[in-house]
Amino acid sequence: MSKAGGIRIGVVGLGTVGQGVWKHLRARQPELELHMGGKFVLARAAVRHLDKKRSVRIPAKALTDDPMSIACDPEIDILCELMGGTREALAVTKAALKAGKTVVTANKALLCEHGEELFALARQNGAHIYFEASVAGGIPIIKALREGLVVNHFPLIYGILNGTCNYILTRMEREGQSFEAILEDARKLGYVEADESLDLDGWDAAHKAVIIAYLAHGKWIPLKKMPVEGIRDVTLEDIQWAQRLGFKIKLLALILRDFKNGHVFASVQPALVPGDMVLGNVDGVFNAISVTGDIVGESVYIGRGAGQDATASAVISDIIDAGTTISHGIRPEEPLNCADLKLAKPEDVYRSFYVRLSVKDRPGVLAEVAGILAEEGISIESVLQRPNGGQGLANLVLTTHVCTEAAMAAAVARLKRHKSLNRKPFLLRIADFAQRLG
Ligand code: HSE
């Protein structure tokens, strides 16, 4: 049953993505209406500057510089929140949900920080939140987890969720240039977020991992409880060591669930990915996600994680779903029951590691390092060594067999105090996925 006059859409935030959404909705309106099963109207848009030049033509009477007026407009059915940031976006989203409107959002930071509150508010008001564009842009991972894989439990999900970091790491590897040199290019190409830390320190990927973890396991994992590291400390030398060992370095989000012990674990950290694994060959700005379902097995999704058209594609898919849902009067789904689900502790998480040490090049040092690792129950898998700058120093790279995060943390604490180390140890996890929660 379609709404008389059509479903009315208000877009809040008409930047690059907003203009893409408007453009593609207009261009494909007749076929999209067939999918939706009813008419829709691009009714209103909120912008920051009313007289700014835009790539889409919007009647002046449809424009406002007051987003709240759209959130509170009783004529609007779907509020499409594309303004970014969390303060104003939170107020606008809450107002729309309180008014019973369906919200479509691409705002991962908003969901990560306020998702629990927003989804509860949506349920109280019989409203829906759609958020396909918040994770991995054009890859329909939300739909895959929520619909296509609905029968599965997910012991393992991992992914490359930040295109900017993947671009930088790929070019460092291919061209042998430093992080700083490639970062400068990425800035010029407009790939890096205005707040660079979001990309480079792993926070953008962490926001996305939190949303995936919620979908897969029903639990909002607090960011401060997640190990989150970026790529600033990954050197060209690490990339070259990794290549020698048969790996690529990728910024990897990891979500592990142990169904037996009721643990969940999520992290974002640079990791060594085997060169023969699919994700080891996902390069440049592309994103990729591997999902292991207990019934379906592994499936891998690759695509553009950002950009006007990829993100608009995801937003429009949500708008069409939202329109169908509104027309059929479907109630919001209940969250998964995660009451007994605990966050895994470092002693529950098993990984294998790459450890780079800068040490004094003198007899016995390697044996001392190996001794510390052995005392913490860590077994070495391989050792590489290279002189470091002729100063009587050497770079030592070890890879380990699987051990717990807790054991490695204890070993690192001891190594940091060791007189033969002239810098703190640098660790990378190895994505061989022999590890599990225990
Ligand atoms: N800054 C993000 C990335 C794009 O580089 O992947 C938006 O999520």
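Remember, it's 1-based here, ligands and their atoms both numbered in the order they're listed. For the single chain, residues carry numbers from 1 onward in sequence order.
Taking the six-membered ring for Trp, F119 and F131 have ring centres closer than 6.0 Å.
Of all protein heavy atoms, the one lying nearest to atom 7 (C) of ligand 1 is K108 NZ, 3.4 Å. Closest to atom 5 (O) of ligand 1 among all protein heavy atoms lies T164 OG1, 2.6 Å. In this structure, the protein non-hydrogen atom closest to atom 4 (C) of ligand 1 is A306 CB, 3.5 Å.
Below 3.5 Å of separation, one finds no N or O of N287 facing any N or O of ligand 1.
Annotation for ligand 1: atoms under 4.0 Å from non-hydrogen atoms of D199 are 1 (N), 2 (C), 3 (C), 5 (O). The contact set between ligand 1 and E193, taken as ligand atoms under 4.0 Å from a residue heavy atom, comprises 1 (N), 2 (C), 4 (C), 7 (C). Proximity to N162 (heavy-atom distance under 4.0 Å) selects the following atoms of ligand 1: 1 (N), 2 (C), 3 (C), 5 (O), 6 (O).
Under 3.5 Å, the side chains of R44 and S69 contain a donor-acceptor pair of N or O atoms.
Relative to atom 6 (O) of ligand 1, the option among S134, G163, A186, A106 with the closest non-hydrogen atom is G163.
To the nearest 0.5 angstrom, K250 atom NZ is 8.0 Å from L279 atom CG.
With L79 as reference, V92 is the one residue of V92, V104, T102, L97 to meet the side-chain contact (heavy atoms from CB on, under 4.5 Å) rule.
Remark: R146 CZ is packed, more than 12 non-hydrogen atoms of other residues, nucleotides or ligands lying under 6.0 Å away.
Side-chain contact check for T404 versus D348: every heavy-atom pair is 4.5 Å or farther apart.
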